[in-house]
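Scroll down for the structure; my scribbles are underneath it.
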Amino acid sequence: MTSLPAQKQTRNSTAAWRAADTAHHLHPFTDFRGLAEEGGSRIITKANGVWLEDSEGERILDGMAGLWCVNAGYGRERLAKAAYDQMLELPFYNTFFKTATPTSIELAEKLAALTPAGLDKVFFASSGSEANDTIARIVRRYWKLAGKPARVNIISRVNGYHGSTMASASLGGMKPMHDLDGLPLPGFHHVRQPYWYGEGAGLTPEDFGKAAAKAIEDKILELGPDTVAAFIGEPVQGAGGVIVPPASYWPEVQRICKQYGILLIADEVICGFGRTGQWFGSDTFDIEPDLMTLAKGITSGYLPLSAVMVGKRVADVLWEKGGEFAHGFTYSGHPVACAVALENIAILEEEKLVERVREEVGPYLQERLATLADHPLVGEVRGVGLLGAVELVADKASHARFKPEGRAGTICRDYCFKGNLVSRAVRDTMVISPPLIITKAEIDELVVRLRRAIDLTAKDLGVS
Ligand code: PXG
């Protein structure tokens with residue numbers, strides 16, 4: 001038996017991993033010093049199905065599908081094999097200089113068939129952020145070519161999330177991200193979100209949905225309709241706290257965009273690939289977008305890949321009048337990532353996972369989560385498909401939060417994690433987004449663990 005070098009052997013311990021992580025690794029959206037002072041990271045070493053395993057051998061139920069992305073679940077040999085085979089066949093070639101690769105072509109064709117009618121052209125990138133940067137450039141390019149160069153403004157929502165690059169964070173409406181370095185960039189504007197539970201006091205969901213949509217029209221009129229290029233929104237805001245808009249919202253948004261000739265962009269990075277019980281959130285909410293952002297579930301997170309779906313209205317202009325589109329990434333259409341995406345989509349189709357979310361596990365998760373509504377700490381339970389949210393409040397009647405905002409959520413998230421459940425806290429909302437393969441028994445277990453964490457949180461907060 002060959003023995004590993006001494007250093008390798010000692011590395012294989014939680015303490016050693018943590019020390020090296022603390023010494024060298026800057027984590028995203030993390031207070032670097034705070035994490036170190038808390039003792040460092042939990043080291044995730046393996047996963048299978050909906051279960052993670054950490055370096056201490058603990059099994060953790062992954063209620064977040066990684067980061068809203070591992071739709072097909074962990075441990076899929078078919079995806080590993082697709083990557084392996086493609087790496088041997090052709091690990092990389094670019095799509096820049098009059099070249100293409102079979103898997104990038106096949107995936108483009110497949111995405112055109114899967115997405116709503118008219119979205120027939122695809123531009124590839126590697127992350128949701130890159131895809132949204134690409135969209136910002138495409139829409140401005142489109143209007144310039146269409147003879148309306150003044151149409152540069154893009155409207156999005158407060159508390160929307162579209163990524164972490166300068167342009168995609170500008171599209172997003174996350175204040176702490178803007179505060180980091182003076183965003184948004186010029187030309188990015190934000191309007192209120194369709195968050196009835198938090199902001200709809202005194203209005204029915206129906207009326208509030210219309211009022212939230214009207215905020216877009218008001219912004220268009222304030223900026224001047226001839227200066228507005230596009231509106232972008234997630235069908236359901238994910239990172240913002242699983243904000244499911246009232247039924248009146250999207251039809252009204254669609255109408256307003258049509259009325260003022262503005263491009264409508266659906267950011268499907270979380271909602272896409274079955275999460276809401278249809279292939280895309282646009283199918284669930286009857287949205288007819290001109291452009292669509294895809295990422296995450298496109299490969300079930302096994303490799304980084306994103307795509308911009310471009311509808312006929314925009315594609316025709318870029319095609320006919322555009323000349324060179326001076327934009328692209330080394331890994332646009334990466335052949336291995338595309339091979340994995342194709343195999344992943346084949347799994348979703350063959351195992352009917354989207355139908356499963358719509359007809360079986362989606363309704364079951366919603367039903368089970370709804371049982372938490374009787375808890376003294378729970379203000380609202382909402383969701384669609386395999387997206388769920390549980391709002392923690394100090395006062396159910398007034399929807400008032402515990403002070404400071406976010407404290408209850410953080411406590412609860414930490415109890416979830418200690419209790420071997422991953423649920424993310426968005427301020428004081430616990431969010432859930434498990435792999436689409438989750439079973440009913442695992443959903444039961446998820447809800448038991450979540451209730452236990454909420455009970456412990458209540459105790460800490462002095463609520464009986
Ligand atoms: N659009 C949406 C709707 C997203 O949710 C992005 C774009 C950006 O994708 P990339 O691949 O560039 O990260 C996202 C990403 C969280 C969390 O904590 C959510 C995301 C990313 C990281 C953390 O909820 N969503």
Side-chain angles (χ1 to χ4, degrees), residues 42-76 238 241-242 270 274-277 297 300-301 347 351-378 380-392 408-426 428-460:
R42 189 164 187 175
I43 317 294
I44 307 300
T45 52
K46 299 180 196 171
N48 197 31
V50 299
W51 296 93
L52 306 168
E53 194 178 312
D54 75 3
S55 53
E56 299 290 281
E58 292 286 335
R59 289 181 82 231
I60 308 159
L61 178 49
D62 186 4
M64 285 305 296
L67 216 40
W68 322 78
C69 56
V70 187
N71 289 13
Y74 297 96
R76 290 281 189 174
V242 181
I270 284 178
R275 177 70 43 209
T276 66
S300 284
I347 290 172
E351 297 183 10
K352 298 195 183 332
L353 291 180
V354 181
E355 291 87 335
R356 187 167 182 277
V357 174
R358 182 167 65 245
E359 285 153 23
E360 198 185 334
V361 285
Y364 191 71
L365 177 75
Q366 301 306 329
E367 184 195 312
R368 298 315 302 157
L369 282 179
T371 63
L372 298 171
D374 65 359
H375 197 286
L377 231 54
V378 173
E380 187 187 53
V381 180
R382 59 172 178 268
V384 56
L386 281 183
L387 283 172
V390 178
E391 293 240 11
L392 307 180
T410 306
I411 295 172
C412 189
R413 189 219 29 221
D414 290 348
Y415 276 127
C416 284
F417 213 33
K418 273 188 207 136
N420 286 346
L421 168 68
V422 181
S423 167
R424 175 155 142 42
V426 178
D428 291 313
T429 301
M430 304 310 296
V431 297
I432 292 288
S433 171
L436 312 190
I437 50 140
I438 192 167
T439 63
K440 288 184 171 176
E442 287 163 341
I443 289 173
D444 289 342
E445 185 58 32
L446 185 157
V447 175
V448 164
R449 292 183 186 197
L450 187 53
R451 183 181 278 276
R452 204 179 299 142
I454 299 172
D455 280 343
L456 292 166
T457 306
K459 251 194 205 144
D460 278 15

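Being a predicted model, the structure only gives us computed values, none of them experimental. We number each residue from 1, following the sequence as shown.
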dist Cys412:SG -> Leu450:CG (nearest 0.5 Å) comes out at 6.0 Å
Between atom CD of Glu445 and atom CH2 of Trp51, what is the distance when rounded to the nearest 0.5 Å? 5.5 Å
Distance check, rounded to the nearest 0.5 Å: Asp62 atom CG versus Glu442 atom CD? 11.0 Å
Distance-only, no hydrogens or angles: does the Arg452 side chain make a donor-acceptor pair with backbone N or O of Val447 under 3.5 Å? no
Smallest heavy-atom separation, Tyr74 atom then Gly66 atom, equals OH-N, 3.2 Å
Strictly distance-based, threshold 3.5 Å: is any side-chain N or O of Ser300 a donor or acceptor partner for the main-chain N or O of Ala72? yes
Could you report the tightest heavy-atom contact between Thr429 and Ala389, atom names first, then the distance? CG2-CB, 3.7 Å
Does any N or O in the side chain of Gln366 come within less than 3.5 Å of the main-chain N or O of Leu387, such that one atom is a donor and the other an acceptor? yes
Please check if the side chain of Thr276 supplies one atom and the backbone of Gly385 the other of a donor-acceptor pair under 3.5 Å. no
Taking Arg449 for its side chain and Asn420 for its backbone only, find out whether a donor-acceptor pair lies under 3.5 Å. yes
Could you check whether any side-chain N or O of Asn71 sits under 3.5 Å from a backbone N or O of Gly297, counting only pairs where one atom can act as donor and the other as acceptor? no
Heavy atoms only: give me the nearest Trp68-Gly238 pair and the separation to one decimal. CH2-O, 3.3 Å
May I have all residue pairs that pass side chain to side chain donor-acceptor pair (under 3.5 Å) and include part of residues 353-365, sequence neighbours excluded? Tyr364-Asp444
Is it true that Glu351 and Arg76 make a salt bridge, defined as a side-chain N closer than 4.0 Å to a carboxylate O? yes
When rounded to the nearest 0.5 angstrom, what is the spacing between SG in Cys416 and CD1 in Ile454? 7.0 Å
Okay, side chain of Ser423, backbone of Val431: is any donor-acceptor separation there less than 3.5 Å? yes
Contact summary for Ala47 and Leu52, nearest pair of heavy atoms: CB-CD2, 3.8 Å
Steps toward side-chain contact (heavy atoms from CB on, under 4.5 Å) verdict (Glu391, Arg382): CA-CA 9 Å; Glu391 293 240 11; Arg382 59 172 178 268; 2.9 Å; yes
Can you tell me how far apart CD (Glu53) and CD1 (Ile60) are? Round to the nearest 0.5 Å. 8.5 Å
Output, in order, the C-alpha distance, side-chain angles, deciding distance and verdict of side-chain contact (heavy atoms from CB on, under 4.5 Å) for Val361 and Leu436. CA-CA 8 Å; Val361 285; Leu436 312 190; over 6 Å; no
Can you tell me how far OG1 of Thr457 sits from CE of Met430, rounded to the nearest 0.5 angstrom? 7.5 Å
Sequence neighbours left out, what passes side chain to side chain contact (heavy atoms under 4.5 Å, CB included) with Asp455? Give chain and number order. His375, Arg451
Give the intermediate values and the outcome of side-chain contact (heavy atoms from CB on, under 4.5 Å) for residues Ile438 and Leu446. CA-CA 10 Å; Ile438 192 167; Leu446 185 157; 4.1 Å; yes
Please report the shortest heavy-atom distance between Leu386 and Pro435, naming the atom on each side. CD1-O, 3.7 Å
